[in-house]
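Scroll down for the structure; my scribbles are underneath it.
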Amino acid sequence: MKKIVLCSFVALSMMGVSAQAQSIRCSTMENLERLKLADPTLESRMAKIEKQSQQIISKSGGQGSLELASIINIPVVVHVLYKTAEQNISNAQIQSQIDVLNEDFRRLNSDKTNTPSGFVSGAADAEITFCLASIDPNGGATTGIIRKATSVSSFSDNDGAKYASYGGDNAWPSDSYLNIWVCNLGGGLLGYAQFPGGPASTDGVVINYNHFGRGFATGAPYNKGRTATHEVGHWLNLRHIWGDANCGNDLVNDTPTQQTSNYGCPSFPNVTCSNTINGDQFMNYMDYTDDGCMNMFSLGQKSRMKSLFVSGNARADLALSSACGGSAPVPPSTSSSAVLTIGTGIGTMVAPYGTYYMDEKSQFIITKSELVAAGYSVVQNVIEALAFNVQSASGQAMQNFTIKMGATTLSSFSSNTYLDNSDMTTVYSASQTVVTGWNTHTFTTPFTYSGTGNLAIEICWDNSAYTTDSKVYCTSLPTSKTIFKQQDVTSGGICSATIGTKGLNRPNIRLTVGSTPLEDRASAIDDIKLPEVTFAVYPNPASSFLNINYQIASDNSTVTFSVYNMMGALISSLTEQSISAGEQSLSLDFSSNDNMSDGIYLLSLNVNGTVQTKRFVLKR
């Protein structure tokens, strides 16, 4: 076994993944950090969900309001990915897991009698149930179970199980189904989940096949289906009960603060962090104890989960899903269009129909937050038409009236310089005469908005003569501006102009949006590339050893491990050359080191210039 010493205090040894016998209860937080690095806007989306949830909970008095009172039934689709017959688990094993979820979330579990008396009054029937879907996204019948043979020996927490192109299976629409992938997870990993706010294409839960369901060949002490209960709790926005920090905050008021994760089944009471005489709520499903030790959610956790289903919050659409029976959901490939209204002002301006001049070029920016507030969703993401509301019409025809659309990272215009239109798509081109009221331009080339960045719109046209201005209603928000130029040009037009002459309020806009066909979305998902490197660390907090499982995409890779303190100072680093593609392992030994005090540190992994960083706690 190869041993390496980093600056005299950290010893590392390279070992095969198969040698890692310790189970990793959950890598949801590691998956979250990876997603944040891939999408810098994720944190703001999650913050918005958090704010909405807290407002709903506060309004309800914490629990029990009519707004949170109804029972939520969640349709489930289980994607079984198997390379061996053992991994192709039976329908009965799958059903046993659905049974466990229903028992645990409705507090019908037989072991609820094990809840200590000090916590019984705060134990909750979460009023959430689960059913295997009976209607697929196209309106056809289904068992809610998909079986797919794969050539992949084991998956990791890099979401490869969720993509057909990586040997997994593509998600069903996350606004109608809870996707659960059951597969062989490597490195001793039991499961992981995605919090609300993450990408729709990876939304759901992944569970190791030999810890899914109750009984059968599931492996003790994780053989009672509580891995899925724990991960579905994350999917419903619950954090680990210790807040993933020393005496941290899990954002729930009625769960005692505890020092760190508990393993096995501690004796009651297990007092840490100066919590109550009842100590840690180690029997909570969101701790790391054995399946047989878990038996409750709290009332505060119930409110937090239920708040997601209130209108306007992250999982509200799921509460309306009829995929378990009744009326079939509208298939994504044939769903009706919706109209998004951006701006409701009553002021007026001339762009984009200012026909007093012979030529005009206008640009607008609509931010993603405006689109979301107006009702944008990842399902209805194809812009089919655009409309402006005309207060007075001149009757002047606009020749070569062209609309282009594209994406931009900018949220407003900072000068009179136009946005670069080289990557914009021409969606509409025709001569145009406007009338009073809403004028709708139905696109010949619908524009698919990816949900990344903001929406940029450009309109340009030229006249051979002019009469008087048409005027459109516009917003009065000072942050919603348009930039435009009008000019009398006898020939050639101004569409290539890079500088505008005016920056005024943006017109009120209506966008007609429809859905990407299901088969097109699946193809688009397959085109997504996984990151160059993903890794997990455990146990966290660490006392003597910190184990690292990592997976890289390319052979002959250069890998650098670096340890930093929370001030950003480099403590030590190690570089390894010519590392092969696939899963690798490493172990950091802190047992004989006196130079690192207990606290929070950063571990950075750099593979071929791609960097990912995770926090870990050292507590000896």
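Just so you know, these numbers come straight off a predicted model, no measurement behind them.
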Qualifying ring-ring contact (aromatic ring centres under 6.0 Å, His included) pairs, either residue in residues 294-314, two or more places apart | F105-F297, Y285-F297

Look up atom CG in L299 and atom CG in D125, then write down how far apart they are to the nearest 0.5 Å.
-> 9.5 Å

Sorted by chain and number, sequence neighbours left out, ring-ring contact (aromatic ring centres under 6.0 Å, His included) with F195 holds for H234

The reported gap from OG1 in T408 to NZ in K368 (rounded to nearest 0.5 angstrom) is 14.5 Å

Check: T115/N295 side-chain N/O donor and acceptor closer than 3.5 Å = yes

Taking the side chain as every heavy atom from C-beta outward, state whether K148 and H79 have any atom pair closer than 4.5 Å.
-> no

Residues passing the side-chain contact (heavy atoms from CB on, under 4.5 Å) test with T129, sequence neighbours excluded, are I71, N73, N102, R106

When E103 is tested against each of R214, R226, K224 for salt bridge (Lys or Arg N to Asp or Glu O under 4.0 Å), which residue passes?
-> R214

Nearest heavy-atom pair of D291 and N223: which atoms, and what distance?
-> OD2-N, 3.3 Å

Can a donor-acceptor pair be found between the side chains of S153 and K83 at a distance below 3.5 Å?
-> yes

Side-chain donor-acceptor pair under 3.5 Å between T28 and E231, yes or no?
-> yes

Modelled atom types, side-chain donor and acceptor of T341 and N508, under 3.5 Å = no

Can you tell me if Y177 and D203 form a side-chain donor-acceptor pair at under 3.5 Å?
-> no

In this structure, are over 12 heavy atoms from other groups packed under 6.0 Å from D423 atom CG?
-> no

Plane angle bin for F364 and F388 - parallel if under 30°, tilted between 30 and 60°, otherwise perpendicular | tilted

Please determine, by modelled atom types, if N109 and D111 share a side-chain donor-acceptor pair under 3.5 angstrom.
-> yes

Residues passing the side-chain contact (heavy atoms from CB on, under 4.5 Å) test with S429, sequence neighbours excluded, are T402

Exceeds 12 heavy-atom contacts within 6.0 angstrom, atom CD of Q54 = yes

Least distance between heavy atoms, I383 atom then F443 atom | O-CD1, 3.4 Å

List the steps, then state whether salt bridge (Lys or Arg N to Asp or Glu O under 4.0 Å) holds for D250 with R304.
-> CA-CA 11 Å; D250 68 347; R304 186 171 174 81; over 6 Å; no

Could R34 and D157 be called an ion pair, given the rule that one side-chain N must be under 4.0 Å from one carboxylate O?
-> no

Is there a donor-acceptor pair under 3.5 Å between the side chain of R510 and the backbone N or O of A387?
-> no

Which value, rounded to the nearest 0.5 Å, describes the distance between F212 atom CZ and W181 atom CH2?
-> 12.5 Å

Scan side-chain atoms only and decide if N88 and R147 contain a donor-acceptor pair under the 3.5 Å cut-off.
-> yes

Are a donor atom and an acceptor atom from the side chains of S90 and Q93 found within less than 3.5 Å of each other?
-> no

What pairs meet the disulfide bond (SG atoms under 2.5 Å apart) rule with one or both residues in residues 129-219, with sequence neighbours excluded?
-> C131-C324

side-chain contact (heavy atoms from CB on, under 4.5 Å) filter on A385, not counting sequence neighbours, yields T440, T442, T512

